[in-house]
Number of protein chains: 2
Amino acid sequence: MTIGIKDVARAAGVSPATVSRVLGNGPVSADLREKVEAAIRATGYRPNLSARRLRSQHTRTIGLVVSDIRNPFFTALSRAVEDAAYKAEMRVILCNTDENPAREAMYLRLMQEERITGLIYAPTRAGSDALEGLSFDFPVVLVDRSGPPSLHDSVVIDNPEASRTLVDHLFAGGRRRIGGLFGNTSSTAVERHRGYVAAMTALGLVPEARFVAPTVEAAAEEAARWLAGPDRPEALIASNGLILLGLYRTARSLGLDVPGDLALAGFDADVWTEIVGPGLTVIEQPVAEIGRTAMALLFERLELPEMAPRKIVLAGRLLVRGSSGTPADLTG
Amino acid sequence: MTIGIKDVARAAGVSPATVSRVLGNGPVSADLREKVEAAIRATGYRPNLSARRLRSQHTRTIGLVVSDIRNPFFTALSRAVEDAAYKAEMRVILCNTDENPAREAMYLRLMQEERITGLIYAPTRAGSDALEGLSFDFPVVLVDRSGPPSLHDSVVIDNPEASRTLVDHLFAGGRRRIGGLFGNTSSTAVERHRGYVAAMTALGLVPEARFVAPTVEAAAEEAARWLAGPDRPEALIASNGLILLGLYRTARSLGLDVPGDLALAGFDADVWTEIVGPGLTVIEQPVAEIGRTAMALLFERLELPEMAPRKIVLAGRLLVRGSSGTPADLTG
DNA sequence: CTGAAAGCGCTTACAG
DNA sequence: CTGAAAGCGCTTACAG
C-alpha cells in the first residue's frame, strides 16, 4: 500500500539495510548514498515511526503531565519543554490531569504504554503521595511540585521564601491584616502556605489562610465571601495566577479600590497582571528556565542513571507593582 | 526484558492470540478471559503501543498544528481538541509552527511519519498557499484559517462579518476615524481586513490599515508609531488577541484614556480583556466549539472519505465593554 | 471460542 | 562498506 523501505531499496538497486543506514546516517559509500537519496526523493518515501520505535526500542518521546495547559504557567512550561525536545529531535506527549487523580493515573499508565524516554511531571497532591509506591521504567523529573525527597530529580522554586518575600513586602507597605488564599490540590500551595504562616508568625502577625480549588471561579467565590465578611483583611495573597485573577475580579466587582481598600499580591507574572488596574504585584517564576532545566536533568539522568537524585531550587523574583502600593490613608 | 504478551500468555496458560483478544475485547470465553485478566494484573503487563500501531495499521492519533500554543485562542482550541480526542480514545500530537513556514513543513512531514489518523490544522499563509500542491494520506480539517476552497473540510468564523460588526459598533458610538491593525501571517487576518475595508467603505469612511507580525511586541511598537503620529485615529481595531494586547499596552503607556482619547476593540475574549481598564470590547470566538466541530468533521470524514468537503462557518459574538464607550466629548 | 502462523516496517547483529 | 536474516511486540486472517 503505502511505500516502504523495500520499495526504496528496489528503486535504488540496494538492500533495505542500506536504505536504513542512509536514513540513520550509518556507514554507506557516497555512491550508494546518493542513489538511495535519489530514490527516496523519487518515491516520496517517509519512514514509519511506529516501526522504527518498535524495532530500535527507543521512542525518543518525552511525556509531559501537568494539571491544565490553560494555566499560563503550564502553557509557558510546555513551550519550553517542547522547544528543548524538538531541538533534541524528540517529540512530547502532553497530558492534562485537571487535578483529577484518576485521570492522572490513567495518563501515567499511558506513558508506560508509549514506552516514553522520560517524564516531566507536575503531580497532584494525590499523585505526589502515590509516588512512593510506584516505579517507572523511565526517569522522572518533577516540576513545580515536589514529591518524596530523593526519589526523583526535581526543579522547583523556593516557595516558602517567595511567600515570605510577599508578606514582608506587604508588611513594609503598612499592612498588618494579611490573608492568604491557597490552592488545595498541589504540594506547591502547601509550601507557599507554610512560608506564609512562618513569615506572618515571625512578624508577630496572625495568619488567616483559606483553601480553594485552584480555579478562577472558586477563588472568586471564596473571595466574595471573605471580603463581604465583617472584618475584611487589608491585604490578600494568592498562591497562583488563577487564584489571583479570581481575587482581583471579585475586588473589582465589589467596587473595592486596589490598593486603597485592599492590597493584592500573588504568584505568576501572567500577562494580565501587568496591564490590569494599578498592575499586580507578583512573584515571577522563571518558567522557561524551569522547563529547560527539567529537560537538562532528564538528559543527564539518561546518561547516568545511577546518579543520586538532584533537586534544583530556582528563585522567584518579586515584581512590585501598584496593587501593593501604600494605602491612601497612610499617604494622605 | 520488559514483559510482553507472551509472558502473560504463559502465565495464563493460553496463547498470545487469546491475550490479544482479551485486550481488544474480542470473543473470548468468560473462563479464559478471567485467567488472562488475572495474569495481566499479576505480571503488571502494559501493551506496547508502537507494536500495536505498527501491526494494526491505525495509530489512533490526531495531529494538531497551530502557530503558538501560548496564544490563548490556540490554548483553548487545543484543550477542546484533546478532550474530544481522549474521549474517542485517541491521542494528539501538538506542533507549534511559530508562523514559520519551514517549521510548518517539517511538522507536516512528521505527521506523515507518525501515520496520523487525521490532522487539524491552522496553516500559515505560506502553508495555506502550498496546500493546493500537497496531498496527504489522512484527512485534514482546517481551523481558524481557511485554504483553497473545496479541498479540505474547514471550520472558521465569519470574519468579514465580525469586522463589520466591530466597525458598525464603533461608528454607532460616534467614531469616524477608525484604524485597523492586522496580522500579516494568516488568511484570517486577510479576511478580517477585507471585512473592515468593506464596512468602512460602506459607511463612507476611509480605511486606514496597517499590518504587523501577530505578536504583542510588534503590535505595541507599531501602535507607538501610529499613535504618536500627527493625526491619531479615534478608534483602533485589532485582528487578534495578541495585537489587541499590544495596542492596549501602548495606549496605557502613552497615558491615553480609553475610550476617551482612543476607543479600542478587537478579536478574542482572552481573560485579560474582561478585567483590564474599562474592559475591552471584543468579538468572542466560540473556540471550544471550533475545536469540537473540527473533531466531528474529522470523524465523519473518516467514515465517508468521498463526501464533498464542507466549510462550517460559525458566528463570532460581540461583547460590548467599556473600551468602545461613548467618548467624553460627546457625553459631556 | 481457540491456537499456530504470518507479517506490520523497520534496525541491527552477523558474515563477508 | 554491503546484504541476508532475524526479530522488535503485537494483531489478524486462517483453520479447527
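Lettering of chains follows the sequences in order, A, B, ..., and the numbering in each one begins at 1. Here the structure is a predicted model, which means the values were calculated and not measured.
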Under 3.5 Å, which N/O atoms of the protein pair with N/O atoms of nucleotides 13-16 of chain C?
unit_1	atom_1	unit_2	atom_2	d
C/dA13	N6	A/Arg21	NH2	3.1

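Residue A/Ser29 is in sugar-phosphate contact alone, with no base atom involved, counting any heavy-atom pair closer than 4.0 Å across all strands shown.
Relative to the side chain of A/Ser15, the nucleotides D/dT11, D/dC10, D/dG3 differ in distance, and D/dG3 lies closest. Looking at the side chain of B/Arg55, the nearest of the listed nucleotides C/dT2, D/dA4, C/dG7 is C/dG7. Nearest to the side chain of A/Val14, among D/dG3, D/dG9, C/dG9, sits D/dG3. For A/Asn48, counting side-chain heavy atoms from C-beta on, the closest listed nucleotide (D/dC8, C/dC1, C/dC10) is C/dC10. If you check D/dT11, C/dC10, C/dT12 against the side chain of A/Arg52, the one that comes closest is C/dC10. Taking every side-chain heavy atom of B/Leu32 into account, C/dT2 is the closest of D/dT11, D/dC1, C/dT2.
Map A/His58 and A/Ala51 each onto its nearest nucleotide of DNA chain C; the residue landing nearer the 5' end is A/Ala51.
With respect to A/Arg310 and A/Glu300, a salt bridge is recorded, a charged nitrogen being found less than 4.0 Å from a carboxylate O. Ion pair A/Asp153/A/Arg301 flagged as a salt bridge, since at least one NZ, NE, NH1 or NH2 atom sits closer than 4.0 Å to an Asp/Glu carboxylate oxygen. Using a 4.0 Å cut-off between a side-chain N of Lys or Arg and a carboxylate O of Asp or Glu, A/Asp83 and A/Arg292 do not qualify as a salt bridge.
Phosphate contact (OP1/OP2 of C/dG7, side-chain N/O of B/Gln57, threshold under 4.0 Å): absent.
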Check: How far apart are the C-alpha atoms of B/Ile62 and B/Arg91, what are their side-chain angles, what is the distance that settles it, and do they pass the side chain to side chain contact (heavy atoms under 4.5 Å, CB included) test?
Finding: CA-CA 6 Å; B/Ile62 303 295; B/Arg91 63 172 179 151; over 6 Å; no
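The distance between the ring centers of A/Tyr107 and B/Tyr86 falls below 6.0 angstrom.
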Check: According to the Watson-Crick and G-U wobble definition with distances under 3.5 Å, which dot-bracket string, read 5' to 3', encodes DNA chain D, using [ ] for crossing pairs and | for pairs with another strand?
Finding: |||.||||||||.|||
